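Chain naming here is simple, since letters A, B, ... match the order of the sequence lines and numbering starts at 1 in each. Below, each value reflects all heavy atoms present in this structure, side chains not excepted, and no hydrogens, waters or symmetry copies. Bear in mind the structure is a predicted one, so any value in this text is a computation, not a measurement.
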Amino acid sequence: MNETKYMNPYLAGLFLGLILLVTIFITGRGLGASGAIKSAVVATVQTVTPSHTTDAKFYKEYSEEHGGSPLKNWLVFEMIGVVIGAFISGLISNRLKFKLEHSPKSTAKIRIAGAIVGGALFGFGAQLGRGCTSGAALSGMAVLSTGGLITMAAIFGGAYAFAYFFRKLWI
Amino acid sequence: MGPLVPDVIGNELNFVVAIFVGIAFGFILEQAGFSTSKKLVGLFYGYDFTVLRVFFTAGLVAMIGVIAFDHWGLLDISLVYINPTFLWSAIVGGLIMGLGFVIGGFCPGTSVCAAAIGKVDAMIFVGGSFLGVLIFGEGYPLFENLYKAAPWGNVRIFETLGMSQSLFAFLLTIVAVGAFWATTIIENKINGKPNPEFNSKPLYYGLTGLALILALSAFALPERRQSLLAEINDSRFVNGYQVDAMDCDELAFNIVDKNKNLQIIDMRSQKDFDAMTLPNSTRFTLENLFEKNAHKLLTIKHKQNVFVADDEATEKKAAVLAKELGYSEIYFLEGGLNQFRKDILNFTMTTAGTNQHEIDTYRFRTKAAQVLPQLIQEYKLKMAASGPQISKPKRVVGGC
């Protein structure tokens, strides 16, 4: 069976905007993603070396800010939902398939290295910038946060600035 | 009045909400095509601007929605999480994320979405971001100075730029619509053929028109706070407004009688309020009246709400604001607390009264002048023992 076509981007944007608006109305906060990864990291470190989380400042500040188990976090539940929602969407649109996607001009090895390095940079940057494309840029734009909009400009501006140097990876 | 958490929806139920929000979020991301890095990075090489279209449309819809909800009093914006601004970490963090985007081909949300439908590169990206967070956590002392530099607080962009919220929303919408047009032209040029999905001209002219109407609607939704505060500062407007008055004797009688259906809203300064707190009174500022606490108090059924201050003008301003905000059973104290002190608290009989009504009134006032100070003192001790009655709701902690 063929894959179903993607949704019209403006329609998808409208739905996404409404989801974000309803989320803000109900919970008083926007969407997010990297925060869930942070919770997972803190939980892992806590399990592997419990003593480390009480003496390293990053983890101490985290538990002061959040309290309780790091996995009992709104964003962790939200990301569990994302996995379910994306899976359902993939299922009904015939897009469920194990696949390592890379440009025909590039190789699987390069793609794997790029994904690790790119992921690490994004994870690191999202900590420094207090949020990623969802939590800082999109949700920040919805509430017109100065910091969120600066981060948004820096993410997309940075990506355009660096795009030329990594064009071989994609085109 | 939103946010519904934690009053209407408890903190535990909020986790269930999170799962449903996530399902909708993940579903739309996948349907929009955010589950493939080819489509995501297309934005940076000009062959596919889907990300820009979805992202900007979503941002605009949510932004105008938040402005409208705030305008209609459906959402207390002072409780909504506004991402705090730390200038340098926002810029440097953003640039690093941009670099990660063009190397890795995903961002955290889209990588989880793509991993869910089996994209192996996305799963590796998620692992990579796990590593990135760990590096940040372990090296935190090294980055802490940068992380915490230039804290501007929970500022909003129109405040930073010194323009009205409406104007900023309008300009941003215009920029977005311009970007939609321009990127479609670029995309067609780079791909050498028009995108078949966008060949319906009337539809897109229609959509552009709709977006422009939406942009202009921002001006019809001025920040409610500012426009209402300007209105009540106009004394003609306030004086022409019908608000019920309660006289000093009636207020005193209600307090002495310990009438549970009377709520006193005190508009004086904290210092004056602390010096003399009327039983069952709550102190609010004009700003507070826009907030959720005031909403909770003023919408309790079968209560009379009396606004008090030293002078009547201050009381009427607050009472008019409360009525404009849609609250009912609003009264102001005739003559203000100055009159109340003179007629009740410090009442001394000078004449015996010429008719029965005056005689009764004076008798009541003499009694009230004895009882009220005791009640005020008792209330003060009771409050000191139990702490403040109303806890101020805190801004939601959110963020990534």
Problem set entry | Top contributor to chain A interface from B:A169, B:G118, B:C113 [non-hydrogen pairs under 4.5 Å] | B:G118

For this session: Determine the option with the most heavy-atom pairs under 4.5 angstrom with chain A, choosing from B:G128, B:P141, B:G139.
Result: B:G128

Exercise. Does any heavy atom of chain A fall under 4.5 Å from the side chain of B:F20, the backbone, both, or neither of them?
Worked result: neither

Exercise. When you measure from the side chain of A:R95 to the backbone N and O of B:G33, does any donor-acceptor pair fall under 3.5 Å?
Worked result: no

For this session: Name the option with the most non-hydrogen atom pairs under 4.5 Å to chain B; the candidates are A:G114, A:G158, A:A154.
Result: A:A154

Exercise. Is it the side chain or the backbone of B:L43 that comes within 4.5 Å of chain A heavy atoms, both, or neither?
Worked result: both

Problem set entry | Side-chain donor-acceptor pair present, A:S39, A:Y62, cut-off under 3.5 Å | yes

For this session: Would you mind checking which part of A:T44 comes under 4.5 Å of any heavy atom in chain B, side chain (CB onward), backbone (N, CA, C, O), both or neither?
Result: side chain

Problem set entry | Check ion pair B:D7-B:K292 (N to O, under 4.0 angstrom) | yes

Exercise. What residue, out of B:F158, B:F125, B:W152, has the most heavy-atom pairs lying under 4.5 Å from chain A?
Worked result: B:F125

For this session: Pick one of side chain, backbone, both or neither for A:I92, based on which atoms fall under 4.5 Å of a heavy atom in chain B.
Result: side chain

Exercise. Under a 4.5 Å heavy-atom cut-off, does chain A meet the side chain of B:S111, its backbone, both or neither?
Worked result: neither

For this session: Indicate yes or no for a side-chain donor-acceptor contact from B:N83 to the backbone of A:S145 under 3.5 Å, with no hydrogens or angles considered.
Result: no

Exercise. Picking from A:A56, A:A142, A:G90, A:A12, which has the most non-hydrogen pairs under 4.5 angstrom with chain B?
Worked result: A:A142

Exercise. Among A:I80, A:V22, A:I112, A:V117, which has the most heavy-atom pairs under 4.5 Å with chain B?
Worked result: A:I112

Seminar exercise, completed: Per-residue tally against chain B (heavy atom, under 4.5 Å) across A:G147, A:G125, A:A40 peaks at A:G125

Exercise. Is it the side chain or the backbone of B:L99 that comes within 4.5 Å of chain A heavy atoms, both, or neither?
Worked result: both

For this session: Against chain A, work out which of B:M123, B:E159, B:K119 has the most heavy-atom pairs shorter than 4.5 Å and name it.
Result: B:K119

Exercise. With distance as the sole test, does B:K38 use its side chain to make a donor-acceptor pair with the main-chain N or O of A:H102 at under 3.5 Å?
Worked result: no

Exercise. What part of B:I9 is in contact with chain A, defined as an atom under 4.5 angstrom from a non-hydrogen atom: side chain, backbone, both or neither?
Worked result: side chain

For this session: Give the member of B:A122, B:P6, B:C107, B:G105 that has the highest number of heavy-atom pairs under 4.5 Å with chain A.
Result: B:C107

Seminar exercise, completed: The interface call for B:I64 against chain A, heavy-atom contacts under 4.5 Å, is neither

Problem set entry | Which portion of A:R111 sits near chain B, non-hydrogen atoms under 4.5 angstrom | side chain

Exercise. Is the shortest side-chain N to carboxylate O distance from B:E138 to A:K57 below 4.0 Å?
Worked result: no

Seminar exercise, completed: With chain B, the option among A:A113, A:A137, A:G129, A:A120 that has the most non-hydrogen atom pairs under 4.5 Å is A:A120

For this session: Give, as side chain, backbone, both or neither, the part of B:E144 having an atom under 4.5 angstrom from any heavy atom of chain A.
Result: side chain

Exercise. Where on A:I171 is there a heavy atom nearer than 4.5 Å to chain B: the side chain, the backbone, both, or neither?
Worked result: side chain

Problem set entry | Crowding at NZ, B:K148 (>12 non-hydrogen neighbours, <6.0 Å) | yes

For this session: Would you please say whether a donor-acceptor pair under 3.5 Å links the side chains of A:Q46 and A:T53?
Result: no

Exercise. Are B:R53 and B:E187 within salt-bridge range, i.e. N to O under 4.0 Å?
Worked result: yes

Problem set entry | is_close_aromatic(B:F44, B:F101), centroid dist under 6.0 Å | yes

Seminar exercise, completed: Most contact-rich option vs chain B, by heavy-atom pairs under 4.5 angstrom, among A:F156, A:Y164, A:W74, is A:W74

Exercise. With a 4.5 angstrom heavy-atom cut-off, which part of B:V41 approaches chain A: side chain, backbone, both or neither?
Worked result: side chain

Problem set entry | Contact origin within B:F34 toward chain A - heavy atom pairs under 4.5 Å | neither

Exercise. Does one side chain, of A:E61 or B:Y140, offer a donor that lies under 3.5 Å from an acceptor on the other?
Worked result: yes

For this session: Spell out, as yes or no, whether a donor-acceptor pair under 3.5 Å connects the side chain of B:T110 to the backbone of B:F106.
Result: no

For this session: For A:S34 and A:Q127, test the side chains for any donor-to-acceptor distance below 3.5 angstrom and give the result as yes or no.
Result: no

For this session: Mark yes or no for whether A:S134, through its side chain, and A:L31, through its backbone, hold a donor-acceptor pair below 3.5 Å.
Result: no

Exercise. Any idea which of B:F143, B:F55, B:F69 has the most non-hydrogen atom pairs under 4.5 angstrom with chain A?
Worked result: B:F55

